[in-house]
Amino acid sequence: MADNPSGFDPDRILAHKFPETTSTYTERDVALYALGIGACGREAVDADELKYVYNENGQEYIEVLPTFAALFIHKTMGTGLNLPGLSYDPKLLLHGQQYIELYKPLPSRGYLDNKISLAGLHDKGKAAILEIETKSYDKMSGQLLCMNRTTLFLRGAGGFSSSSHPYSYTNYPKNQGSAGKIPKTQPFMVYEDCTRPSQALVYRLSGDYNPLHSDPIVAKIAGFSKPILHGLCTLGFAVRAVIKCVCKGDSSKVKCISGKFLLHVYPGETLVTEMWLEGSRVLYQTKVKERNRAVLSGYVDLHHVASSL
Ligand SMILES: CCCCCCC[C@@H](O)CC(=O)SCCNC(=O)CCNC(=O)[C@H](O)C(C)(C)COP(=O)(O)OP(=O)(O)OC[C@H]1O[C@@H](n2cnc3c(N)ncnc32)[C@H](O)[C@@H]1OP(=O)(O)O
């Protein structure tokens with residue numbers, strides 16, 4: 001491998017200790033997030049989804065979508081990565097994968113302690129892959145609520161290995177979060193949903209202000225014809241489809257979520273999520289209808305599956 005002239009130093013990156021952080025959210029954040037991922041987008045009073053934005057007894061009783069947990073990294077790190085030894089162009093960063101484990105239903109308002117660590121670092125030649133793990137605890141009870149692993153694909157930042165063997169570090173079980181193979185059989189369920197042209201502009205208000213999703217010039221520099229949708233917004237649409245079709249609207253059934261972003265989505269495109277049931281695991285694949293391209297695939301593990309399915 002070539003010497004790394006960019007100053008990218010994997011040892012310094014791995015040695016970095018992230019400070020513990022606290023973060024808060026309110027019912028307003030929960031409702032805004034739900035709208036940002038298209039809840040009630042088809043029908044304002046959708047019986048399965050109105051509960052994420054409204055409760056007749058007061059906002060404190062609204063429910064929290066499980067993918068809301070993926071936002072906690074923004075509450076603690078913003079949208080930038082400022083690690084000693086890490087050199088990359090933020091305009092070329094893409095969200096590669098997301099893995100979420102949920103241990104308790106999330107309350108409608110939260111005061112959290114977050115412990116952040118580096119879970120992986122890989123040299124893919126044309127890109128570096130960084131995996132960041134966030135464990136979020138309820139500040140009052142000390143209970144662990146959820147764990148997130150955010151995989152970032154840093155285009156142009158690879159080639160930092162000092163030996164001929166590409167650098168690869170992982171500190172979690174290999175099969176955890178790896179995308180399952182999508183079956184060749186007909187899907188068990190299919191759900192179609194339209195994103196709005198303004199989807200990313202609404203979604204960003206949940207904390208990811210990366211200009212890739214709002215600024216046409218930044219999007220062009222990043223290689224796209226116009227601003228693209230946040231990966232976590234697409235994931236939110238997909239998991240909402242699983243909750244609606246397989247969980248019959250009961251989001252508390254969701255235990256674990258894994259998603260790999262295969263291709264960008266433009267706001268305004270139609271998302272078609274196909275689902276296959278394998279025991280208590282739902283394998284899914286989301287396609288953009290207008291381009292007939294798969295943009296996301298992964299799985300959702302459920303606590304149990306309704307016997308009527
Ligand atoms: C703290 C701050 C937190 C902030 C986080 C928030 C950031 C957000 O604002 C940013 C976003 O939401 S970006 C939008 C969502 N993401 C996307 O649209 C990316 C879609 N995916 C792609 O374009 C390509 O898969 C692409 C480009 C990712 C890869 O495609 P290729 O370049 O063609 O790569 P390929 O040749 O197929 O593979 C090279 C090696 O990389 C691995 N890989 C591929 N796709 C990956 C992915 N999505 N995630 C992780 N790893 C991936 C491959 O396995 C391959 O490795 P190997 O050679 O070892 O098999």
Side-chain angles (χ1 to χ4, degrees), residues 13 16 18-19 21 23 36-37 67 70-83 86 88-100 114 116-134 148-159 161 165-170 174 177-179 195 199-201 203-215 218-219 221-238 258-267 269 271 285-288 291 293-298:
I13 297 172
H16 180 70
F18 291 83
T21 62
S23 59
I37 62 157
T67 42
L71 298 183
F72 299 155
I73 190 169
H74 301 305
K75 297 266 180 190
T76 61
M77 292 181 74
T79 48
L81 289 166
N82 195 7
L83 305 185
L86 178 65
Y88 76 106
D89 182 347
K91 291 190 282 308
L92 299 182
L93 176 151
L94 292 173
H95 199 156
Q97 283 175 264
Q98 187 71 25
Y99 177 74
I100 311 171
N114 302 291
I116 305 173
S117 60
L118 206 71
L121 179 61
H122 314 274
D123 185 354
K124 298 292 182 190
K126 58 182 168 183
I129 290 182
L130 195 66
E131 300 180 275
I132 299 173
E133 197 168 285
T134 310
N148 271 273
R149 198 174 303 123
T150 304
T151 302
L152 300 171
F153 195 89
L154 310 177
R155 290 177 292 167
S161 307
H165 198 69
Y167 188 97
S168 187
Y169 164 84
T170 306
K174 238 189 163 150
S178 60
T195 65
Q199 201 75 50
L201 300 179
Y203 179 84
R204 72 195 286 272
L205 302 178
S206 286
D208 184 347
Y209 295 103
N210 186 344
L212 173 62
H213 311 294
S214 49
D215 187 321
V218 173
I221 295 169
F224 303 102
S225 59
K226 57 184 178 178
I228 62 171
L229 198 60
H230 303 71
L232 286 181
C233 182
T234 309
L235 183 73
F237 269 81
S258 179
K260 181 170 184 178
F261 304 109
L262 307 171
L263 193 69
H264 59 280
V265 175
Y266 289 114
E269 289 186 313
L271 298 176
Q285 172 174 259
T286 302
K287 287 181 178 162
V288 161
R291 288 180 282 149
R293 297 286 301 273
V295 292
L296 168 66
S297 75

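Order of appearance sets the numbers: ligands from 1, and atoms from 1 within every ligand.
In this structure, the side chains of Q98 and S258 stay at 4.5 Å or more apart for every pair of heavy atoms. Between L130 and F153, the closest side-chain pair of non-hydrogen atoms is not below 4.5 Å. Proximity of L86 to L154: side-chain heavy atoms (C-beta onward) are separated by under 4.5 Å at one or more points.
Every atom of ligand 1 with a heavy atom of I129 under 4.0 Å away is listed here by number and element: 50 (C), 51 (N). Of all atoms in ligand 1, numbered sequentially from 1 with element shown, those under 4.0 Å from a heavy atom of L229 are 14 (C). Every atom of ligand 1 with a heavy atom of D208 under 4.0 Å away is listed here by number and element: 6 (C), 7 (C), 8 (C), 9 (O). Atoms of ligand 1 found under 4.0 Å from any heavy atom of L93 (numbered from 1 in listed order, with element): 7 (C). Heavy-atom contacts of I228 reach the following atoms of ligand 1: 14 (C) (cutoff under 4.0 Å). Of all atoms in ligand 1, listed by their number and element, those nearer than 4.0 Å to a heavy atom of N210 are 8 (C), 9 (O), 10 (C). Applying the 4.0 Å criterion to heavy atoms of L152 picks out, from ligand 1, the atoms 5 (C). Here is the list of ligand 1 atoms found below 4.0 Å of a heavy atom in H264: 18 (O), 20 (C).
When non-hydrogen atoms are compared, ligand 1 lies under 4.0 Å from the side chain of K260 (C-beta onward) but not from its backbone. Proximity of L232 to ligand 1, defined as any heavy-atom pair under 4.0 Å, is not found for any part of the residue. If you look at K124 next to ligand 1, the close heavy atoms, those under 4.0 Å, all belong to the side chain. When non-hydrogen atoms are compared, ligand 1 lies under 4.0 Å from the side chain of K126 (C-beta onward) but not from its backbone. Under 4.0 Å from ligand 1, heavy atoms of F261 appear from its side chain as well as its backbone.
The two residues D123 and S161 come nearest to each other via the heavy atoms OD2-OG, 2.6 Å.
In this structure, the side chain of H122 does not engage the main chain of K124 through any donor-acceptor pair within 3.5 Å. Panel note: side chain T195, backbone E269; a donor-acceptor pair is recorded below 3.5 Å.
In this structure, H230 and Y203 have tilted ring planes: the angle between them lies in the 30° to 60° band.
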Intermediate values then yes/no, side-chain contact (heavy atoms from CB on, under 4.5 Å), Y99 and T151 | CA-CA 8 Å; Y99 177 74; T151 302; over 6 Å; no

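R155 does not count as a contact of ligand 1, since none of its heavy atoms falls under 4.0 Å from the ligand. Within the structure, ligand 1 lacks T150 among the residues with a heavy atom less than 4.0 angstrom away.
A side chain to side chain contact (heavy atoms under 4.5 Å, CB included) with F261 is found for exactly one of V295, T286, L94, L235, namely L235.
A salt bridge is defined here as a Lys NZ or Arg NE, NH1 or NH2 lying under 4.0 Å from an Asp or Glu carboxylate O, and R149 with E133 meets this definition.
Here the shortest heavy-atom distance to atom 27 (C) of ligand 1, taken over L263, L94, I73, belongs to L94.
Taking the six-membered ring where the residue is Trp, the centroids of H74 and F72 are separated by 6.0 Å or more.
Checked against a 3.5 angstrom limit, the closest N/O atoms of H213 and ligand 1 fall inside it. No N or O atom of L212 sits closer than 3.5 Å to an N or O atom of ligand 1. The shortest N/O to N/O separation between H95 and ligand 1 falls below 3.5 Å.
The number of heavy-atom neighbours closer than 6.0 Å to CZ of R293, taken from other residues, nucleotides and ligands shown, is 12 or below.
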